[in-house]
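Residue numbering restarts at 1 for every chain, and letters A, B, ... go by the order of the sequence lines.
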2 protein chains.
Amino acid sequence: MTLLRDLAAALGAAGCLTGADIGAGAVSDASGTGRIPPLALLRPASVNEVSAALEICHRHGVGVVPQGGMTGLAGGANPQGGDVALSLTRFAGVEEIDPDCQTITLRAGTTLQAAQEAAAAAGFLLPVDLGSRGSCQIGGIVATNAGGVRVIRHGMTRDNLAGVEAVLADGTVLSSLTKVVKNNTGYDLRHLICGSEGTLAVITRAVLRLRPLPGARATALCALPDFAAVLALLKQARTHLPGLSAFEAMWRDYVLASSAAAGLQLFPDPPPFTVLIEAEGSAGGLDAEFEAMLAGAFEAGILSDALIAQSQAEAARFWTLREGHALDRMFPGLINLDIALPVALLDDYATACGSAIRARFPDAHVSFYGHVGDMNLHVAVGLTEPSEAAAHEVDRIAYDLVRERGGSVSAEHGIGVLKRDWLGHSRSAAEIAQMRAVKAAFDPKGVMNPGKVV
Amino acid sequence: MTLLRDLAAALGAAGCLTGADIGAGAVSDASGTGRIPPLALLRPASVNEVSAALEICHRHGVGVVPQGGMTGLAGGANPQGGDVALSLTRFAGVEEIDPDCQTITLRAGTTLQAAQEAAAAAGFLLPVDLGSRGSCQIGGIVATNAGGVRVIRHGMTRDNLAGVEAVLADGTVLSSLTKVVKNNTGYDLRHLICGSEGTLAVITRAVLRLRPLPGARATALCALPDFAAVLALLKQARTHLPGLSAFEAMWRDYVLASSAAAGLQLFPDPPPFTVLIEAEGSAGGLDAEFEAMLAGAFEAGILSDALIAQSQAEAARFWTLREGHALDRMFPGLINLDIALPVALLDDYATACGSAIRARFPDAHVSFYGHVGDMNLHVAVGLTEPSEAAAHEVDRIAYDLVRERGGSVSAEHGIGVLKRDWLGHSRSAAEIAQMRAVKAAFDPKGVMNPGKVV
């Protein structure tokens, strides 16, 4: 086959794996929904090799699926029949840390954890952080505009992205590895490529912003009587904690399940709402500021109890409750949805969504938790008889209720293939038509990650 | 003329001004470089009227120049021959403030100051702020991704933009007035429209993020011996002042001219570098934190003197020195450039740029100041015989030196028409080609703000 011969000639044997050499890892992302191996797994080791590989595929009219750490949950890195996969694992590493500009320049194949560690060694915080930090790669993080646990303070990936280099479908290299904060020179292609899930270009390098390492971090778990109190606590926290870095709310059913699954007991009788609150600040002033905020909220009747972490280990236990990985073991095939709504609507949504799912699946375990300070809710649904059809029914129930309330069907996970049917729930027909026009302007032959997003 | 008849029928007499009714204000932005009145000044009073006006112009193949408060400096709102101008002045006002989501929903014709005042009355800070706040309009601010004086803390306009509604060349309304922080549902058209200077769409509404009003603000003017000390102070300020909201450096020649022009004497003998530093924080803790940072910098030999503002009036005097409006009176036809570079290169740039301009224009007064914490430098050039040709020569000298150092020829002012010749100094040919492809995907007939940006 000419295609594979051309690719092997351009990339060498180590750069173009076929057959059994491809491995199972290139078949599906962490959603586990991929079924089809790619024709080949391309592993270019330089930007020139990425460019050469894309030019060859473009000439042959073959689809290219960019793959990072395969930790996505929307099927965005799963090959479709006849696609080749392209991984930047061999193009990894930190190229530069600039302490004056507070930036780090990274190759796309670098894992997030490696980048974080390099930043920390230089005395900086790389603010983007997610649970999959050990596997996920910078290219994938930028391509999906990853969110994570510090968005309330430092924003999504795009908010920390200074510059990007990417290769277009025909092999053209678009390079804008700038470190400057302000650059009003024409259209912001950076923000278009970020979040496009590999459908416009393959990201090869990125410049991310760094922050000073926080001198101190304080963490508390708060018990609240109702959702109005959650909103009131959020207001207090925003006003009195300039370094507020997490505001995570858990509904009671979630806390019961997660604490049972993880073998944790934090409040003896879980309250209606449990909020994990965290702030960064100076070693001198943070503790007093944090305790004053909590004391004020207690006196105002906003919270009924609060546990302030006395050690990193205790803070880690609070986060274990929130991360809820144990739920996956308790409910095989757990469905985990990721939506966003204006924050005041989240509890009304949770009530309506829980009722509607239980009306259809009476034995379902439905629970709610999430980055409420970012207006982002996760819905965990355990079914007694999980199936693809049942999951699709759950999706429809949950996303129809999001559409009614003007929210987003994907706060952080992206669209990929698994949410493509629901894109119209959050974006208008005119917007989707305009996205398709943009796609055609980047990739007229439709070879970049075919079938994804739009 | 059918065009004007159709427009008058759609918009009414008050919505379609012609001839002398147009007024001089629609001929040029604040750069003063516009010469040609538009065929008509359209003043639609609703989104439907904007849509109708654009559809008519599109059908007739007539260029449309969106105009906001006309405070731009790049000629981006100046009509070219045969264009109509479109102003949203009649579509103004605050539609909603959502205290839970911390957002404000604004019509495009609202002035920034009116929006700031409405936010403050509701207990919030609208972080975007510029000197022209009394005249500039929300539509223009979003269209140009305006920067301003608080970027170091709160980012550019795009960093505070949650949602946007805009009308495409053919009258299609693209509406995404979302308040949520996280919304990974397809391409981020918001960031493409923001900063496109009216060449892709007319912005009709925007949702901007609000922040809690700061409890306190502290301001100081610092004297520093050299640029290494400026960088060292920036590092200290970033590390010890989580609410750092301004870090503005002024080179000595600038301080001499600005203080003479404004009749201010702050340091008896201006030092090599003067830095205005400001921070926001809680009423309880800010002053101590601020003074401790300055004391530490003094002990470390980073600064030789510091004046802490003891009143708002004193802080305002520090800002008067920095804003340098008096320079315009001192040097008629003052050229004010706006560039960005990696921060450590700014002084080397200033030295090279000053020498090169004075080599060509021996009597020129050249001085440097700017948002150095954002890596943004302004270059003020007063010529004894100002002319368009001389200004173009100054541009070339200054921008060639930016290109050599990998910087941006427009940090905040945009490209418009005046910087179109220099776009290639900061963006590659591949990037510009891709911008043109995006332009064609939005506006295939090329009627949106013709001749601007790309």
#### Entry: Minimal non-hydrogen separation, A:Ala441 against B:Ala437, with atom names
CB-O, 3.6 Å
Between [X] and chain A, with a heavy-atom cut-off of 4.5 Å, which part of the residue counts as in contact: side chain, backbone, both or neither?
X        : value
B:Arg190 : side chain
B:His240 : neither
B:Lys419 : neither
B:Ile415 : both
B:Pro99  : backbone

Would you give the length of the straight line joining atom [atom1] of [X] to atom [atom2] of [Y], rounded to the nearest 0.5 angstrom?
X        : Y        : atom1 : atom2 : result
B:Ile432 : A:Thr185 : CD1   : OG1   : 8.5 Å
A:Glu431 : B:Ser176 : CD    : OG    : 4.5 Å
B:Gln434 : A:Thr172 : CD    : OG1   : 8.0 Å
A:Thr178 : B:Leu341 : OG1   : CG    : 9.0 Å

Against chain B, label [X] side chain, backbone, both or neither, depending on which of its atoms sit under 4.5 Å from a heavy atom there.
X        : result
A:Val409 : both
A:Val454 : side chain
A:Val151 : side chain
A:Arg238 : both
A:Ser175 : backbone
A:Lys439 : both
A:Arg158 : side chain

Determine whether a donor-acceptor pair (N or O, by modelled atom type, separation under 3.5 Å) exists between the side chain of [X] and the backbone of [Y].
X        : Y        : result
A:Asp100 : B:Leu231 : no
B:Glu197 : A:Tyr187 : no
A:Asn184 : B:Thr144 : yes
A:Asn183 : B:Ala340 : no

Most contacts with chain B, counted as non-hydrogen pairs under 4.5 angstrom, among [options]:
options                      : answer
A:Val453, A:Ile339, A:Asn145 : A:Asn145
A:Leu213, A:Ile193, A:Thr199 : A:Thr199
A:Lys179, A:Met156, A:Lys235 : A:Met156

#### Entry: Sole residue of B:Asp159, B:Asp338, B:Asp374 in salt bridge (charged side-chain N to carboxylate O under 4.0 Å, His left out) with A:Lys182
B:Asp374
### Message
As a quick check of understanding, evaluate side-chain contact (heavy atoms from CB on, under 4.5 Å) for A:Met375 and B:Cys101, giving each step before the final call.
### Response
CA-CA 8 Å; A:Met375 314 187 209; B:Cys101 291; 3.7 Å; yes
### Task
For side-chain contact (heavy atoms from CB on, under 4.5 Å), just list the numbers for A:Leu189 and B:Met435, CA-CA rounded to whole Å, side-chain angles, deciding distance to a tenth of an Å, and then say yes or no.
CA-CA 8 Å; A:Leu189 303 176; B:Met435 289 182 204; 4.3 Å; yes
#### Entry: Check against side-chain contact (heavy atoms from CB on, under 4.5 Å), B:Val181 and A:His371
CA-CA 11 Å; B:Val181 175; A:His371 315 293; over 6 Å; no
